[in-house]
Amino acid sequence: MSANHIGFIMDGNGRWATAHGLSRAEGYAYGLMALRRVAKRCEEKGVKAVSVYAFSTENIARPTDEIDAIFDVVRKFNLTYDGKFRICYMGDFSTLPDKLADSIESVEQRTQDNEGMILNIAFNYGGRADILHAAKIAYDHGEFVEDTFEKHLGSSRLPALDMIVRTGGEMRLSNFMLYEAAYAELFFLDKLWPDMTEEDVDSLLAGFEKRTRKYGK
Ligand code: FPP
């Protein structure tokens with residue numbers, strides 16, 4: 001069975017930068033280059049959607065210069081992206097700086113008719129908050145069954161999540177796609193995110209094909 005939708009927790013950018021004598025801001029710029037490589041390879045291998053954890057609701061507690069660096073990388077990406085992916089975002093944009101929120105809206109609009117893979121960017125995102133948000137809407141509509149509940153999650157327009165990959169050596173989900181993770185196959189790599197290559201994607205997909213998915217049966 002091949003994977004339709006992969007989630008990546010792109011951990012290790014800061015450590016990679018330090019190890020290379022670079023600033024954390026440069027680490028995120030290299031992280032974006034790795035994301036381009038990884039996403040392109042996923043598309044070549046037939047993956048339909050990739051979701052990435054670019055900024056969690058908890059990341060807002062980081063030093064201001066680091067937050068500014070991530071915001072800057074993401075805004076520039078949004079304003080300059082001219083590839084074939086359909087870019088979409090999930091998260092709470094209401095507290096983001098206007099320029100960043102506008103750039104999110106603009107890249108989503110510009111790429112909505114693209115026919116390439118979906119690149120879904122979790123930004124100012126938290127899995128628990130996403131579930132609570134969906135629960136509130138479902139409650140208001142009186143529709144508490146799985147099918148209708150799921151359509152209010154940030155991932156509602158995406159295929160079911162098949163795999164979650166976390167780089168950087170930690171083995172936890174850190175509030176990423178908690179509802180969608182229910183039957184996802186988990187992969188943890190020691191490698192730092194900016195070091196990810198096309199070959200890593202190939203071996204992850206080969207590893208996925210070897211797993212037996214039972215869905216509790
Ligand atoms: C965690 O690694 C990663 C982040 C907080 C953000 C990652 C963001 C990018 C790579 C930019 C992606 C760009 C777009 C357009 C989606 P960390 O830096 O906390 O790693 P550390 O544990 O080594 O400090």
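Counting starts at 1 for both ligands and their atoms, in listed order. If you're wondering where the values come from, they're calculated on a predicted model, not measured in any experiment. Residues: numbered from 1 along the sequence shown.
Not one N or O of Tyr53 is nearer than 3.5 Å to an N or O of ligand 1, by distance alone. Residue-to-ligand polar distances place Arg15 within reach of ligand 1: an N/O pair is separated by less than 3.5 Å. Considering backbone and side-chain atoms together, Tyr28 places an N or O closer than 3.5 Å to an N or O of ligand 1. Ligand 1 has no N or O atom lying under 3.5 Å from any N or O atom of Trp193, backbone or side chain. Considering backbone and side-chain N/O of Ile121, none are found under 3.5 Å from N/O of ligand 1.
Nearest residue to atom 24 (O) of ligand 1 from Glu170, Arg75, Arg24, Lys76 is Arg24 (criterion: closest heavy atom). Residue nearest to atom 10 (C) of ligand 1, selected from Val74, Val52, Asn13: Asn13 (by heavy-atom distance). Considering only non-hydrogen atoms, atom 13 (C) of ligand 1 lies nearest to Leu32 out of Ile87, Leu192, Leu32, Thr18.
Looking at Tyr28 and Glu66, their side chains do bring a donor and an acceptor atom within 3.5 Å of each other.
One distance of note links CG of Asp140 with NE2 of His152; it measures 9.5 Å at 0.5 Å rounding.
Here is the list of ligand 1 atoms found below 4.0 Å of a heavy atom in Asn59: 5 (C). Atoms of ligand 1 found under 4.0 Å from any heavy atom of Phe77 (numbered from 1 in listed order, with element): 15 (C). Atom numbering of ligand 1 starts at 1 in the shown order; those under 4.0 Å from a heavy atom of Gly14 are 17 (P), 18 (O), 20 (O), 21 (P), 23 (O), 24 (O). Using a 4.0 Å cut-off to heavy atoms of Gly31, the atoms of ligand 1 that qualify are 10 (C). The Arg62 neighbourhood of ligand 1 comprises atoms 5 (C), 17 (P), 18 (O), 19 (O), with distances under 4.0 Å to a heavy atom of that residue.
Judged by distance alone, with hydrogens and angles left aside, the side-chain atoms of Arg110 form a donor-acceptor pair with the main-chain N or O of Asn78 at under 3.5 Å. Between the side chain of Glu43 and the backbone N or O of Met117 there is at least one donor-acceptor pair closer than 3.5 Å. Formation of a donor-acceptor pair under 3.5 Å by the Asp162 side chain with backbone atoms of Ile6 is not found in this model. With Gln109 contributing its side chain and Ser106 its backbone, the two residues share no donor-acceptor pair below 3.5 Å. In this structure, Arg37 contributes its side chain and Met196 its backbone to a donor-acceptor pair below 3.5 Å.
Here the heavy atom of the protein found nearest to atom 6 (C) of ligand 1 is Ala54 O, 3.1 Å. When only non-hydrogen protein atoms are considered, atom 9 (C) of ligand 1 lies nearest to Met10 CE, 4.0 Å. Summary of contacts: the protein heavy atom closest to atom 16 (C) of ligand 1 is Leu35 CD2, 3.7 Å.
With a 4.0 Å cut-off on non-hydrogen atoms, Asn78 does not touch ligand 1 at all.
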- List the steps and the verdict of side chain to side chain contact (heavy atoms under 4.5 Å, CB included) for Phe77 and Arg36. CA-CA 11 Å; Phe77 169 82; Arg36 286 180 182 273; 3.7 Å; yes
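Residue contacts with ligand 1 do not include Gly168, since none of its heavy atoms lies under 4.0 Å from the ligand.
Just one of Leu161, Ile9, Asp130 meets the side chain to side chain contact (heavy atoms under 4.5 Å, CB included) condition when paired with Met177; it is Leu161.
Aromatic ring centres of Phe71 and Phe123: separated by under 6.0 Å.
Every residue two or more places apart in sequence or in another chain that forms a salt bridge (Lys or Arg N to Asp or Glu O under 4.0 Å) with Asp11 is listed here: Arg15, Arg166.
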